[in-house]
*Asks:* 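Please read through the structure below; I'll follow up with questions.
This chain uses plain numbering: 1 for the first residue, then up along the sequence. Just so it is clear, the structure is predicted and the values come from calculations on it, not from any experiment. As the structure lists them, so they are numbered: ligands from 1, and atoms in each ligand from 1.
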Amino acid sequence: KPRVLSGMQPSADSLHLGNYLGALKPWVASQESQENFFFIPDLHALTSSFDPATLAQRTRTTAAQYIAGGISPEKTVLFVQSHVPEHAELMWVLSTQTGFGEASRMTQFKDKTAKGGTEAANVGLFTYPILMAADILLYQPDRVPVGDDQKQHVELTRDLAQRFNHRFGEVFKVPEPSIPVTGARIYDLQNPTSKMSKSAPSPAGRIDILDEDAVIAKRIKSAVTDAGSEIRFDREEKPGVSSLLDILSTVTGTPLPALEEQFAGKMYGHLKVAVAEAVVAEVGPVRERAKELLADPAEMDRILAQGRDRARATATETLDAVYSAVGLLRRG
Ligand code: TYM
């Protein structure tokens with residue numbers, strides 16, 4: 001079976017619809033046919049503003065949403081990044097093989113520092129993609145399923161793996177990014193040319209999957225639409241309507257042309273009602289199941305401890321091979 005690995009940061013109380021459709025749903029869809037490693041990159045969450053009083057709970061909440069969305073802790077190795085110290089250790093070695101210029105070209109870093117400038121940024125935000133490369137390479141996956149915005153980081157990971165193998169011998173598998181056909185980039189409902197994000201200035205354009213049904217429906221019904229009245233997929237001319245169609249297509253699995261046909265002659269309001277119904281039907285049960293899981297935090301922690309042990313078995317093997325390839329004295 002091909003091996004896959006991916007993760008989502010515990011940087012909010014809830015995953016949003018972009019995380020759900022761009023990542024979690026595709027992970028679940030291919031869970032049976034693959035060997036899965038899904039984890040919670042809590043060390044990455046330290047690079048942007050966070051509250052020490054809520055971080056641990058957010059890590060549990062994120063794990064609960066994975067499981068509620070369909071990830072099985074038996075079929076998947078489900079773990080927390082900071083529980084496996086090999087991530088930070090491998091990151092150090094990889095950072096010595098990463099060019100400063102190369103790291104400077106990561107667009108997510110550039111976007112995140114566009115406003116405040118690099119002076120205000122922390123070094124962890126800069127080296128973030130190298131930690132992500134370590135997350136991936138430790139587990140030797142064939143594929144890394146991510147949304148569009150993480151593709152460049154997976155490309156960097158491939159470059160680092162190839163460079164390392166070339167210089168020190170074949171240690172790493174060179175993984176492929178795997179980007180879903182629809183849902184790879186879900187847009188902000190109020191600003192349909194920007195991606196839906198945890199850090200958007202206003203939550204009005206975001207769907208948090210743990211929100212109540214009524215809140216979700218209201219946000220969808222208040223989504224910005226475009227001039228004219230025709231319902232067709234056209235990102236340039238009709239970003240608002242296209243976003244809604246993309247969401248509906250991803251949630252229901254109906255191809256876009258079929259949706260265009262179904263909504264020919266209908267009004268924007270009809271489309272919004274259909275999207276709201278489909279999204280609520282999809283994520284409502286996930287929210288309820290996540291709530292049940294979170295009622296027993298000790299059980300969540302037990303599941304994550306089991307995942308940690310399974311993850312470490314693989315991670316230590318790769319790190320040993322790396323340390324030996326670069327010539328470090330064996331620690332015994
Ligand atoms: P994060 O936590 O920002 O996002 C988690 C996943 O959700 C996807 N995503 C979206 N997909 C569609 N539309 C959107 N609007 C949208 N917003 C987010 C992301 O592409 C991602 O797949 N650096 C990563 C976390 C990470 C990781 C890793 C991922 C750390 N180490 C190793 C894979 C492998 C991140 O911040 O994702």
*Asks:* Which pairs, with at least one residue in residues 313-332 and sequence neighbours excluded, count as a salt bridge (Lys or Arg N to Asp or Glu O under 4.0 Å)?
*Replies:* E89-R331

*Asks:* Do NZ/NE/NH1/NH2 and the carboxylate oxygens of D208 and R206 come within less than 4.0 Å?
*Replies:*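 Salt bridge flag = yes for R206 with D208.
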
*Asks:* Show every donor-acceptor pair shorter than 3.5 Å between a side-chain atom in residues 72-80 and any protein atom, with sequence neighbours excluded, or say none if there are none.
*Replies:*
unit_1: S72; atom_1: OG; unit_2: E74; atom_2: N; d: 3.1
unit_1: S72; atom_1: OG; unit_2: K75; atom_2: N; d: 2.9
unit_1: K75; atom_1: NZ; unit_2: E32; atom_2: OE2; d: 2.9
unit_1: T76; atom_1: OG1; unit_2: Q31; atom_2: OE1; d: 2.8

*Asks:* Sort and list the pairs that fulfil side chain to side chain donor-acceptor pair (under 3.5 Å) and have at least one residue in residues 108-123, not counting sequence neighbours.
*Replies:* none

*Asks:* What does the 4.0 Å heavy-atom contact list look like for ligand 1?
*Replies:* L5, S6, G7, M8, Q9, H16, G18, N19, G22, A23, F39, P41, H44, Y128, M132, D135, I136, V144, V146, G147, D149, Q150, G183, A184, R185, I186, K195, M196, K198

*Asks:* So do the side chains of T314 and R3 get within less than 4.5 Å of each other, counting heavy atoms only?
*Replies:* yes

*Asks:* First locate atom OG of S249, then atom CG of L256, and finally report the distance between them rounded to the nearest 0.5 Å.
*Replies:*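 The distance works out to 4.0 Å.
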
